[in-house]
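Worksheet for the structure shown next.
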Amino acid sequence: MMKGETMEQLRTQLDEINMDLLRLLSRRADIVQRIGRVKQAQGVQRFDPLREKEMLDRIVSANPGPFDDSTIRHLFKQIFQASLQLQEEEKMHLLVSRKRRAEDTVVEVKGVRIGDGHPIVVAGPCSVETREQMETVGQGLRAQGIVVMRGGAYKPRTSPYDFQGLGREGLVMLRETADKYGMVAVSEIVNPADIEMATQYVDIIQIGARNMQNFELLKAAGSVRTPVLLKRGLSATIEELLFAAEYIMSRGNDQIILCERGIRTYEKATRNTLDISAVPILKQESHLPVFVDISHSTGRKDIMIPVAKAALAAGADGIMVEVHPEPSVALSDAKQQINLEQFGQLMDALREARYLPPVAERVATR
Ligand code: PEP
Ligand code: MN
């Protein structure tokens, strides 16, 4: 009887000690996380083997027993490792991550909402070429209810002998056309020094695949409040794309649209290989809107409709497509640009499949 009581008392004490240990471990973890944040802010490595050795030595030297030193060392090593893992996990919680922000980010520009569940079609020529070209496309896009127009003015061409774009003059033409037809304008900027200037002309700054890891450009884009459309690099992993977006967001600009535009593989049937799985992965991992560029990913016009449907079925918040009044004479990407008639067919197909609202509804809601 007496023995039973003692056993119960001892067990109660053990339970209390367990709870104390748990509280202490949690308190310890909290402090470790705070240290991790300080280290991150200072850009210091999180794992400090010297510091860990010092802590272990101090603990072992104070060991009152009955555990032998190696057991104590082993137990504390486990605690240290778990804490470090905690720091690592937190380090991976980027600003662009869903773990940081559960709700979808909606990019809002002049009344156009991107990422609110209603897919957006961004269309326009690969390059801004002439006023007439822009006028024809602008009118055609507007007739299809397009609200975001693209047009490249600074073209990052593979060959230096290819058309490099009209520069600022191209931005002016795009601005005029977009204004005339009540659209917002998106155009690629390649030079960090041009970001500030570009905000006068474009509503969304595009950072192209070739510049996805141009960190100075990313920082410059992060320092303005103009939304950024960030394209995935030709050989960039999903993680690298998210880190590139983090560069922008960590500077204070959270208006970012991610764009899957195909990656380099051995496949030659398409210009790049559209990584369709990147869409649901990016949507899961990040709170940012995700677009799919169906022109640069495929490099061909004959599969635009099923590819666009696939992108939207996979959960893309929008698609980008290159449209030119006369693709065969286009100064860049002549092979992949579609004309206005083909664009109309694409839009019809997407409306018919209910990826986009029917015309009547569209007109009524805008
Ligand atoms: C573009 O959209 O004009 C372009 C050059 O695309 P990317 O950067 O994806 O090659
Ligand atoms: Mn192009």
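Note that ligands are numbered from 1 as they come in the structure, with each ligand's atoms numbered from 1 the same way.
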When you measure from atom 5 (C) of ligand 1 to each heavy atom in Glu260, Glu188, Glu322, which option holds the nearest one?
-> Glu188
Any idea which of Arg150, Arg271, Arg157 brings a heavy atom closest to atom 2 (O) of ligand 1?
-> Arg150
Atoms of ligand 1 less than 4.0 Å from [X] heavy atoms?
| X | result |
| --- | --- |
| Gly208 | 8 (O) |
| Lys155 | 3 (O) |
| Arg261 | 7 (P), 9 (O), 10 (O) |

Would you check if there is a donor-acceptor pair between the side chains of [Y] and [X] at a distance under 3.5 Å?
| X | Y | answer |
| --- | --- | --- |
| Gln87 | Gln33 | no |
| Thr270 | Thr298 | no |
| Thr71 | Asp68 | yes |
| His296 | Asp333 | yes |

Are Arg232 and ligand 1 in contact, using a heavy-atom cut-off of under 4.0 Å?
-> no
State whether the side chain of Glu285 and the backbone N or O of Lys283 hold a donor-acceptor pair below 3.5 Å, judged by distance alone.
-> no
Who's the nearest protein heavy-atom neighbour of atom 6 (O) of ligand 1, and how far?
-> Lys231 NZ, 2.9 Å
What angle sits at the Mn ion (ligand 2) between OE2 of Glu322 and OD2 of Asp333, to 10°?
-> 130°
Within 6.0 Å of CZ in Arg51, more than 12 heavy atoms from elsewhere | no
Is there any N or O on Ala209 that sits under 3.5 Å from an N or O of ligand 1?
-> yes
Under 3.5 Å: N/O of Gln206 near N/O of ligand 1 | yes
Answer yes when Arg351 and Asp348 have at least one side-chain N-carboxylate O distance shorter than 4.0 Å, and no when they do not.
-> yes
